[in-house]
Amino acid sequence: MKVGTSSFYEFASAVAPHVLPTSRAGELGSGDAGALSPHGTTIAAATFAGGVVLAGDRRATAGSMIAQRDIEKVYPADEFSVIGIAGSAGVGIDLIRLFQLELEHYEKLEGSSLSLVGKANRLATMVRGNLPLAMQGLIAVPLFAGWDEPAGRGRIFSYDPTGGRYEEHEFHSIGSGSVFARGSLKKLYRPDLDAAGAATAVIQALYDAADDDSATGGPDVARKIYPVIMVAGPDGVERVAEPRVAELVDQMLTGRLRRPDGPGAPLS
């Protein structure tokens with residue numbers, strides 16, 4: 001392995017594997033280590049004409065207990081991409097930080113950024129490297145999205161614990177509430193959504209997930225805890241300001257007073 005490799009992850013694996021999250025595997029022994037750590041869910045994403053929106057609820061659970069009410073699971077990966085994590089919270093946050101460093105390392109050494117697909121492939125390698133921890137119950141899987149400049153559109157990539165990478169189309173969700181969030185997005189998503197419409201759709205989806213999945217947290221108006229929403233487009237990555245998220249949540253909750261199960265979709 002060359003010292004000048006453009007992959008920080010490969011370099012660290014060769015010269016100092018103990019600094020990687022996977023080094024914990026040998027310390028844990030057998031058993032379900034996942035029961036020892038808080039888990040984070042749910043992440044939802046949707047594309048729109050000018051980019052892609054990625055959002056996450058704020059709850060982390062430890063068994064039947066709420067471990068944290070305001071955890072953040074969605075982060076910028078670099079200037080034009082975002083990443084969210086579901087599963088073992090500690091492993092997931094480490095994976096995000098390592099991925100951010102990986103992209104920064106590549107750009108500094110090569111003088112240019114990886115393509116969006118290249119970033120997605122690097123992330124797949126890192127998820128695959130976490131397999132020893134996943135086998136012990138410390139499963140963390142990301143949802144990756146970003147702006148693809150050559151294609152002129154936002155794209156979404158999901159992963160399985162073995163590092164399998166899959167491109168999703170229009171919208172996707174991961175985490176324990178994902179089946180409910182995807183069901184919500186199926187009826188709410190339209191190709192002509194703008195950024196505000198896509199943000200509203202994922203807020204609705206996270207609310208539907210929280211309605212049926214106890215591990216997913218809904219917006220906590222009393223504590224002013226709202227979903228984290230990131231938008232990636234041709235001008236870069238932007239976090240939707242909390243006052244704007246609060247406004248969108250308020251509009252959504254007002255509609256839910258009239259229709260608790262959320263907006264309906266046309267039958268034809």
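Just so you know, these numbers use all the heavy atoms, side chains as well, and skip hydrogens, waters and symmetry mates.
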Arg69: partners by side-chain contact (heavy atoms from CB on, under 4.5 Å), with sequence neighbours left out |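 Per chain and number, Arg69 pairs via side-chain contact (heavy atoms from CB on, under 4.5 Å) with Ile66, Arg223, Ile225.
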**Request:** Apply side-chain contact (heavy atoms from CB on, under 4.5 Å) to Arg165 and list each qualifying residue two or more places apart in sequence or on a separate chain.
**Result:**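 Arg165 satisfies side-chain contact (heavy atoms from CB on, under 4.5 Å) with Val117, Ala120, Asn121, Ala124, Phe157, Tyr159 once adjacent residues are dropped.
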Exercise. For the pair Phe171 and Tyr189, name the ring-plane relationship: parallel under 30°, tilted 30 to 60°, perpendicular over 60°.
Key: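 Tilted.
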Nearest-0.5 Å distance that lies between atom [atom1] in [X] and atom [atom2] in [Y]:
{"X": "Leu109", "Y": "Glu104", "atom1": "CG", "atom2": "CD", "answer": "11.0 Å"}
{"X": "Thr47", "Y": "Glu168", "atom1": "OG1", "atom2": "CD", "answer": "11.5 Å"}
{"X": "Ile83", "Y": "Leu95", "atom1": "CD1", "atom2": "CG", "answer": "5.5 Å"}
{"X": "Tyr106", "Y": "Leu114", "atom1": "OH", "atom2": "CG", "answer": "4.5 Å"}
{"X": "Leu206", "Y": "Phe180", "atom1": "CG", "atom2": "CZ", "answer": "13.5 Å"}
{"X": "Glu170", "Y": "Ile156", "atom1": "CD", "atom2": "CD1", "answer": "9.0 Å"}

Side chains of [X] and [Y]: closer than 4.5 Å at any heavy-atom pair?
{"X": "Ser113", "Y": "Phe80", "value": "no"}
{"X": "Arg256", "Y": "Gln204", "value": "yes"}
{"X": "Thr216", "Y": "Ser176", "value": "yes"}
{"X": "Leu193", "Y": "Arg190", "value": "yes"}
{"X": "Asp160", "Y": "Val141", "value": "no"}

Exercise. Step by step, work out the salt bridge (charged side-chain N to carboxylate O under 4.0 Å, His left out) result for Asp148 and Arg153.
Key: CA-CA 6 Å; Asp148 189 327; Arg153 60 187 177 93; 6.0 Å; no
Q: Using a strict 4.0 Å threshold on nitrogen-to-oxygen distance, state whether Arg239 and Glu72 make a salt bridge.
A: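 Answer for the salt bridge query: yes.
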Subject >> Stepwise side-chain contact (heavy atoms from CB on, under 4.5 Å) test for Met230 and Val240 >> reply: CA-CA 6 Å; Met230 296 274 184; Val240 180; over 6 Å; no
Whether the side chain of [X] engages the backbone of [Y] through a donor-acceptor N/O pair (distance < 3.5 Å, no angle test) should be reported.
{"X": "Gln100", "Y": "Pro76", "value": "yes"}
{"X": "Arg58", "Y": "Pro227", "value": "no"}
{"X": "Ser173", "Y": "Ala181", "value": "no"}
{"X": "Asp220", "Y": "Lys224", "value": "no"}

Can you hop from [X] to [Y] via hydrophobic side chains spaced under 4.5 Å?
{"X": "Val228", "Y": "Leu143", "result": "yes"}
{"X": "Leu54", "Y": "Met252", "result": "no"}
{"X": "Val74", "Y": "Val245", "result": "no"}
{"X": "Val53", "Y": "Tyr75", "result": "no"}
{"X": "Tyr207", "Y": "Val202", "result": "yes"}

Margin query: What verdict does the side-chain contact (heavy atoms from CB on, under 4.5 Å) test give for Thr162 and Val127, after you've listed the backbone C-alpha separation in whole Å, the side-chain angles of each residue and the deciding distance to 0.1 Å?
Written below: CA-CA 7 Å; Thr162 66; Val127 173; over 6 Å; no
### Query
Lys119 and Glu102: side-chain contact (heavy atoms from CB on, under 4.5 Å), yes or no, with the steps?
CA-CA 9 Å; Lys119 297 171 191 176; Glu102 172 81 358; over 6 Å; no
Any chance CD of Glu238 has more than 12 other-residue heavy atoms, nucleotides or ligands included, within less than 6.0 Å?
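Atom CD in Glu238 is not crowded, with 12 or fewer foreign heavy atoms closer than 6.0 Å.
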Exercise for review: Verify the neighbour count for atom CD of Gln251: are there more than 12 heavy atoms of other residues, nucleotides or ligands below 6.0 Å?
Suggested key: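 More than 12 heavy atoms, drawn from other residues, nucleotides or ligands, come within 6.0 Å of this atom.
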For [X] versus [Y], what's the shortest heavy-atom pair and its separation?
{"X": "Arg59", "Y": "Ala215", "result": "CD-O, 3.5 Å"}
{"X": "Val52", "Y": "Gly154", "result": "CB-CA, 4.2 Å"}
{"X": "Gly163", "Y": "Arg128", "result": "O-NH2, 3.5 Å"}

Intermediate values then yes/no, side chain to side chain donor-acceptor pair (under 3.5 Å), Ser178 and Thr42
CA-CA 6 Å; Ser178 61; Thr42 297; over 6 Å; no
Which is it for Trp147 and Leu116 under the side-chain contact (heavy atoms from CB on, under 4.5 Å) test, yes or no, and what are the steps along the way? CA-CA 7 Å; Trp147 176 255; Leu116 188 66; over 6 Å; no
Return the set of residues passing ring-ring contact (aromatic ring centres under 6.0 Å, His included) with Tyr226 (not counting sequence neighbours), or none when no residue passes.
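Not a single residue meets the ring-ring contact (aromatic ring centres under 6.0 Å, His included) criterion with Tyr226.
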Only one of Leu253, Val249, Asp208 clears side chain to side chain contact (heavy atoms under 4.5 Å, CB included) with Ile203; which?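 Running side chain to side chain contact (heavy atoms under 4.5 Å, CB included) over Leu253, Val249, Asp208 with Ile203 returns exactly one hit, Val249.
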